[in-house]
*Asks:* 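Got a structure here, written out as structure tokens. Questions coming.
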Amino acid sequence: MDQTSNSGPDERHFDIAQHWAMELTRRRSVTGTSGEVDFAEWLAHRLMESDCFGIRRDVWTFPVADGDARQCVAMLLRRGGRRTVILTGHYDTVSIDDYGDLSDLATEPQELAVAMRQRLANPTTAAAQRAESDLAANAFLPGRGLLDMKAGLAAGLSAIAALATEASGSGNVLFIAVPDEENGSAGARRAAQLLPEIALRHDLDIAAVINLDAIADDQEGHDGRVIALGTVGKLLPTALVIGTPAHSGFPFNGINAGALAAAIAARVEWAEELTETLSTGAGAPPSLLSLRDGKTSYDVTTPATAFAYFNVLTYRRTPIEVLTRFDALCAEALAQALGELRARAVGIAGTKDAPLLPGSIPIYNYEDVAAAARKRQPGNDTLMTEKARTLATQHLSLPESCRLMTEHAWRLSGLAGPAVVTGFGSVPYLSTQLSSRDNARHLRTVAVRAARHSEARYGCVVRCVDYFAGISDMSFFGEADEI
């Protein structure tokens with residue numbers, strides 16, 4: 001977190017932002033822990049008792065889902081009229097385990113900074129030297145969740161505090177802090193779902209939503225000083241590979257699912273076909289996030305199944321276009337793998353004794369497999385529904401739940417391997433961008449004006465860019481397509 005202070009009339013607002021940033025960071029809220037559950041009640045209480053937001057504000061919480069103990073926190077500052085801007089961000093963080101023996105200080109920024117400086121007393125790498133320099137110059141403050149994104153929440157609260165002191169003017173601000181961004185965005189999805197109800201209950205006209213998240217910048221800060229007018233999308237294509245298991249002493253009797261999955265992984269990694277190009281250059285290419293076989297214990301049988309999933313970022317492409325391209329890459333990888341295996345088998349065993357490999361390996365989408373299961377036996381639809389409900393109660397990651405669900409549908413379908421079943425392994429984060437509607441055009445104009453104002457007032461360049469480069473909750477607050 002950059003600690004450069006303002007002066008003059010802005011100093012009080014900087015102090016408020018710094019106070020909230022420190023207080024929010026010190027309260028641990030790691031995803032999936034009791035700290036995430038307890039955070040909402042604590043924050044709502046702190047917002048209600050604080051005297052910096054004036055008297056024209058309401059504070060309340062609402063649950064992520066029935067039976068889910070996690071809560072979203074809302075605070076509405078009324079300043080007249082119906083027009084309302086939403087300031088939102090997440091309060092959950094990733095784990096503190098990577099802090100090692102400094103984990104006790106992970107949420108104590110000042111103490112952590114001192115400890116890190118001691119560790120970096122004799123830096124030997126360029127990264128360590130830069131970190132030591134920033135810490136020594138008091139230009140950076142570490143802490144789990146401080147940048148991502150409790151400082152953003154603090155900045156929003158500081159802005160609300162500033163508006164609360166203005167005697168005149170109209171327009172309302174709705175602050176919403178949500179959990180679960182670091183997992184499945186259950187908080188943001190619930191908040192977006194309830195926005196029409198909230199607007200109706202409080203007589204609001206929601207004009208804009210501002211995500212308070214920070215953009216990563218590993219350099220001098222220039223790339224991070226931006227106002228993003230849209231957000232990148234993220235999809236998680238998956239491939240369940242079904243092979244033909246064989247004793248490893250007789251590998252020609254089967255087809256190794258692990259080997260086929262590895263071929264797919266190698267073909268999809270950094271594939272240009274799944275990399276979108278923008279006017280400003282190429283976006284991030286796809287990358288493998290996980291590859292594992294289906295074996296749960298050691299034996300000398302080749303894997304019957306393997307499962308891989310990939311991170312694919314999108315800007316304009318739809319999920320179906322991404323999946324179509326992914327299927328084509330899988331088909332290409334499988335064809336090449338079969339060709340190489342066939343050539344190796346001939347080289348080892350000769351033409352006469354080489355195994356008879358299939359000419360091709362079919363690729364199904366999950367919907368195809370589920371439809372085959374329903375057609376095979378009417379009761380299979382109920383079995384798949386029950387399986388999905390059971391998986392939903394087991395607190396598994398979404399990719400793992402999808403793997404198990406796909407394997408279950410495959411067994412019920414009666415289809416034969418070798419084969420590959422593709423699909424998506426998580427909630428889709430769709431890309432968003434400002435449309436040509438009047439409100440959207442006005443918001444773009446205001447953003448450009450704010451960027452110029454910041455440069456003139458604070459002496460640092462702030463740019464407007466089309467896309468927020470990180471995966472974020474903003475995917476669920478974008479403009480909806482007209483139907």
Side-chain angles (χ1 to χ4, degrees), residues 1-8 10-31 33 35 89-158 181-182 211-228 284 287 451 454-455 457-463 465 468-472:
M1 175 186 175
D2 190 338
Q3 295 190 91
T4 305
S5 176
N6 300 317
S7 59
D10 298 311
E11 188 172 355
R12 177 176 178 272
H13 304 315
F14 172 82
D15 291 341
I16 291 174
Q18 186 178 51
H19 164 78
W20 279 105
M22 295 302 101
E23 188 166 358
L24 293 170
T25 301
R26 292 189 182 105
R27 186 82 183 191
R28 294 191 177 185
S29 50
V30 175
T31 298
T33 68
H90 67 93
Y91 60 73
D92 63 312
T93 75
V94 295
S95 172
I96 63 172
D97 292 344
D98 55 344
Y99 280 83
D101 61 350
L102 293 180
S103 60
D104 288 343
L105 301 179
T107 55
E108 297 291 336
Q110 283 89 356
E111 293 87 343
L112 179 61
V114 173
M116 289 179 67
R117 281 198 65 188
Q118 292 173 348
R119 294 286 179 90
L120 295 169
N122 297 296
T124 57
T125 66
Q129 289 170 1
R130 189 171 63 185
E132 194 278 334
S133 176
D134 284 347
L135 289 168
N138 203 32
F140 176 77
L141 197 59
R144 174 58 80 224
L146 180 55
L147 181 64
D148 182 14
M149 61 169 289
K150 292 178 178 179
L153 294 175
L157 292 174
S158 177
E181 193 266 359
E182 301 292 358
N211 183 11
L212 299 167
D213 214 337
I215 292 180
D217 188 340
D218 293 332
Q219 303 304 317
E220 301 302 321
H222 174 76
D223 292 340
R225 298 189 188 103
V226 299
I227 300 173
S287 192
S454 296
E455 181 178 355
R457 183 166 184 172
Y458 302 110
C460 62
V461 176
V462 176
R463 299 175 296 118
V465 297
F468 177 76
I471 303 158
S472 79

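In this chain, residues are counted from 1 in sequence order.
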*Asks:* Would you compute the distance between atom OG of Ser472 and atom CG of Asp148 and round it to the nearest 0.5 angstrom?
*Replies:* 10.0 Å
*Asks:* Measure the shortest side-chain to side-chain distance between Glu455 and Val462 over non-hydrogen atoms and say whether it is less than 4.5 angstrom.
*Replies:* no
*Asks:* Rounded to the nearest 0.5 Å, what separation is found between the CD atom of Gln110 and the CG atom of Asn138?
*Replies:* 9.0 Å
*Asks:* Is the closest side-chain heavy-atom distance between Leu24 and Tyr91 below 4.5 Å?
*Replies:* no
*Asks:* Roughly how far, to the nearest 0.5 Å, is CD of Glu108 from CG of Leu146?
*Replies:* 11.5 Å
*Asks:* Should His90 and Asp213 count as side-chain neighbours, where that means a heavy-atom distance under 4.5 Å?
*Replies:* yes
*Asks:* Please report the interatomic distance CD1(Ile96) to CG(Leu102), rounded to the nearest 0.5 Å.
*Replies:* 10.5 Å
*Asks:* Might you work through the side chain to side chain contact (heavy atoms under 4.5 Å, CB included) test for Met22 and Arg26, ending with a clear yes or no?
*Replies:* CA-CA 6 Å; Met22 295 302 101; Arg26 292 189 182 105; 3.4 Å; yes
*Asks:* Provide the closest heavy-atom pair for Thr107 versus Thr25 in the form atom of the first, atom of the second, distance.
*Replies:* CB-O, 3.2 Å
*Asks:* Short question: side chain of Asp92, backbone of Glu181 - any donor-acceptor pair under 3.5 Å?
*Replies:* yes
*Asks:* Compare every heavy atom of Asp101 with every heavy atom of Arg119, then report the nearest pair and how far apart it is.
*Replies:* NH2-OD2, 2.9 Å
*Asks:* Show your reasoning for whether side chain to side chain contact (heavy atoms under 4.5 Å, CB included) applies to Leu157 and Ile16.
*Replies:* CA-CA 8 Å; Leu157 292 174; Ile16 291 174; 5.7 Å; no
*Asks:* Do side-chain atoms of Ser29 reach the backbone of Gly35 as a donor and acceptor pair under 3.5 angstrom?
*Replies:* no
*Asks:* At their closest point, which heavy atom of Leu112 faces which heavy atom of Ala106, and how far apart are they?
*Replies:* CD2-O, 4.0 Å
*Asks:* Could you report the tightest heavy-atom contact between Met149 and Gly89, atom names first, then the distance?
*Replies:* CE-CA, 3.4 Å
*Asks:* What are the two closest non-hydrogen atoms of Leu135 and Met116, and how far apart are they?
*Replies:* CD1-CB, 3.8 Å
*Asks:* Ignoring hydrogens, what is the shortest heavy-atom contact between Glu182 and Thr31? Give both atom names and the distance.
*Replies:* CB-OG1, 3.4 Å
*Asks:* For the side chain of Lys150 and the backbone of Thr93, is there at least one donor-acceptor N/O pair under 3.5 Å apart?
*Replies:* no
*Asks:* Between Arg463 and Arg225, is there a donor-acceptor pair closer than 3.5 Å when you use the side chain of the first and the backbone of the second?
*Replies:* no
*Asks:* In sequence, state the C-alpha distance, the side-chain angles, and the governing distance for Asp98 and Arg144, and then conclude on side chain to side chain contact (heavy atoms under 4.5 Å, CB included).
*Replies:* CA-CA 10 Å; Asp98 55 344; Arg144 174 58 80 224; 2.5 Å; yes
